[in-house]
Amino acid sequence: MKRSTLALAVAFGILAQQAGAAGFIEDSKARLDLRNFYYDLNNKNTANNNSEANEWGQGFIFNYQSGFTEGTLGFGVDVIALYGLRLDGGGDSSTPRDRAPGQLFPTETDGSAVNDYSKAGAIAKLRVSRTEVRLGTLLPKLPVVNYNDGRLLSQTFEGGQIISNEIDGLTLTGGQLEHTKTRSSTDDVGLRIGGSAAGADSNKFHFAGGDYRISKDLTAQYYYGNLDDYYKQHFLGLVHNLALPAGSLKSDLRYFDSGSDGKNGSAAGRAQGYRSAGKPGFDGEVDNRTWSALFTYSLSGHSLSAGYQQVSGDSAFPFLNQGDGSTAYLITDRQIGKFLSAGERTWLAEYAYDFANAGVPGLKASVTYLSGDNIEGGAQGDRKEWERDFRLDYTLQDGALKGLGFSWRNASLRSNVATTTTDADENRLIVSYSLPLL
């Protein structure tokens with residue numbers, strides 16, 4: 001972290017001297033994103049409703065992206081600042097409480113939600129030819145690491161990243177992450193996975209890989225991820241778009257192979273908490289292979305998808321998960337569930353329609369159903385789960401409030417995966433607007 005801080009300080013010093021250079025100011029962009037978010041969770045089988053949540057907040061997300069200074073080496077800086085204001089904190093600290101806060105906002109020591117919270121970060125960036133180096137606050141979106149943006153404010157990571165497009169059709173990416181601020185927190189926390197113990201953190205996640213566009217319709221992917229003392233992971237992906245006489249067909253194939261690393265690979269390290277979730281009674285060592293296939297047929301605004309995913313090995317699918325919201329690059333990572341338990345087999349079906357084809361531009365709807373079974377172990381026999389998601393979005397296309405968006409996301413999950421798992425119904429109501437500043 002000292003190296004990261006020093007690098008940022010040096011970069012800002014250079015930028016302060018060259019801020020007037022052509023390109024740095026002229027190519028700058030800034031916007032303010034407004035997000036009004038109402039969240040409602042109804043757990044169906046908990047005592048005194050202690051796990052139910054109803055919260056409402058207003059989020060402000062400021063993004064500034066500079067251009068680059070002129071010359072062989074181009075310097076720039078990006079800034080992100082996030083602020084969340086509580087409108088309804090989801091109950092108080094009484095016991096038993098009728099609503100439990102903590103889904104949108106950090107909580108006080110007595111369990112009640114804070115009035116507001118904020119976090120900010122900066123990225124120092126350097127461009128050489130068609131290669132860019134970024135150091136600071138990152139929002140990675142890769143198969144082996146994906147930031148979460150499912151609540152009022154998004155998750156952020158700290159680290160460094162290199163993106164190169166020197167070869168036509170090939171994008172190479174690599175870097176290291178050190179810690180994260182989760183979506184409902186302002187604290188820097190270490191990195192770990194599901195099933196690990198609190199405090200059993202790692203401060204090094206290495207990643208590298210690339211996307212190669214074989215043709216205009218076919219893209220191949222390979223990525224590698226390594227969370228020190230937890231796991232090493234290889235990813236292979238293939239995305240193909242096929243034009244048909246009527247409509248088009250998109251194929252999305254994914255394969256992950258994950259094994260243990262460092263402390264997770266030893267009994268002593270696993271005893272310290274460097275463990276993975278997995279089959280009941282297993283020893284906690286990462287051992288996982290996960291593959292999936294998703295096919296989407298589109299025609300005249302209609303989209304129909306069908307997919308299948310198989311999780312194999314003793315452990316659940318491993319990915320960066322600090323326990324306060326996380327995203328896995330799986331076709332089954334949906335509004336509530338992820339369907340990634342050891343041995344789980346999941347099929348899904350989805351239908352979506354863009355109403356622009358019916359004369360209502362800006363209106364879109366989708367419904368998804370997932371069913372998972374064959375989940376390993378336990379006295380309950382064959383453990384199963386299913387989820388149904390419905391989403392409706394509308395964005396104003398003209399007028400003074402052009403771009404104002406409305407979204408309703410409704411989901412139901414039913415599961416007997418574990419005795420602690422609750423059946424849940426969830427609603428999210430989101431009003432969003434992006435205000436350009438530069």
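Note that the numbering runs from 1 along the sequence shown for the chain.
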**Request:** Answer yes if the side chains of N36 and Q58 hold a donor-acceptor pair under 3.5 Å, and no otherwise.
**Result:** yes

**Prompt:** Under the 3.5 angstrom rule, does the side chain of D229 hit a backbone N or O of K263 as a donor-acceptor pair?
**Reply:** yes

**Message:** Taking the ring centre of each residue, are Y369 and W347 less than 6.0 Å apart?
**Reply:** yes

**Message:** Using the ring centroid of each side chain, check whether Y222 and Y224 are separated by less than 6.0 Å.
**Reply:** no

**Asked** Between T296 and S298, is any pair of side-chain heavy atoms under 4.5 Å apart?
**Response** yes

**Asked** Would you call E285 and R270 a salt bridge, taking side-chain N to carboxylate O under 4.0 Å as the test?
**Response** yes

**Request:** Please confirm whether the backbone N or O of T131 pairs with a side-chain atom of S164, one donor and one acceptor, at under 3.5 Å?
**Result:** no

**Prompt:** Is there a donor-acceptor pair closer than 3.5 Å between any side-chain N or O of Q233 and the backbone N or O of P318?
**Reply:** yes

**Request:** Run the salt-bridge test on K181 and D188 with the 4.0 Å N-O cut-off and return the result as yes or no.
**Result:** yes

**Request:** Mind running side-chain contact (heavy atoms from CB on, under 4.5 Å) on W56 and L104 for me, showing each step along the way?
**Result:** CA-CA 8 Å; W56 183 26; L104 295 188; 5.7 Å; no

**Message:** Quick check for you: to the nearest 0.5 Å, what is the distance between N148 atom CG and D324 atom CG?
**Reply:** 8.5 Å

**Q309 side-chain N/O to F339 backbone N/O, donor-acceptor pair under 3.5 Å** = yes

**Prompt:** Quick one: do D252 and R254 make a salt bridge, cutoff under 4.0 Å?
**Reply:** yes

**Message:** Distance check, rounded to the nearest 0.5 Å: L82 atom CG versus F60 atom CZ?
**Reply:** 12.0 Å

**Prompt:** Hey, does Y212 have a side-chain heavy atom less than 4.5 Å from the side chain of I214?
**Reply:** yes

**Prompt:** Can you tell me if S266 uses its side chain to pair, donor with acceptor, with the backbone of G269 under 3.5 Å?
**Reply:** yes

**Prompt:** Any chance the rings of F235 and Y329 have centres within less than 6.0 Å?
**Reply:** yes

**Item:** Atom pair CD (Q322) and CZ (R183), whose distance is rounded to the nearest 0.5 Å
**Value:** 11.5 Å

**Prompt:** Does a salt bridge link E350 with R334, judged by any charged N lying under 4.0 Å from a carboxylate O?
**Reply:** yes

**Request:** Give a yes or no on whether the backbone of F75 and the side-chain of T69 come within a donor-acceptor separation of less than 3.5 Å.
**Result:** yes

**Message:** For D314, is there an ion pair with K279 - N to carboxylate O distance below 4.0 angstrom?
**Reply:** yes

**Salt-bridge criterion met for R130 and D168 (N-O under 4.0 Å)** = yes

**Prompt:** Hey, are D149 and R35 close enough for a salt bridge, meaning a charged N less than 4.0 Å from a carboxylate O?
**Reply:** yes

**Request:** Classify the side-chain pair Y297/H302 by whether it contains a donor and acceptor separated by less than 3.5 Å.
**Result:** no

**Prompt:** Do N427 and N410 have a side chain donor and acceptor closer than 3.5 Å?
**Reply:** yes

**Message:** Side chains of L435 and L34, heavy atoms from C-beta outward: is any pair under 4.5 Å?
**Reply:** no

**Item:** Side chains of T171 and D211, donor plus acceptor under 3.5 Å
**Value:** no

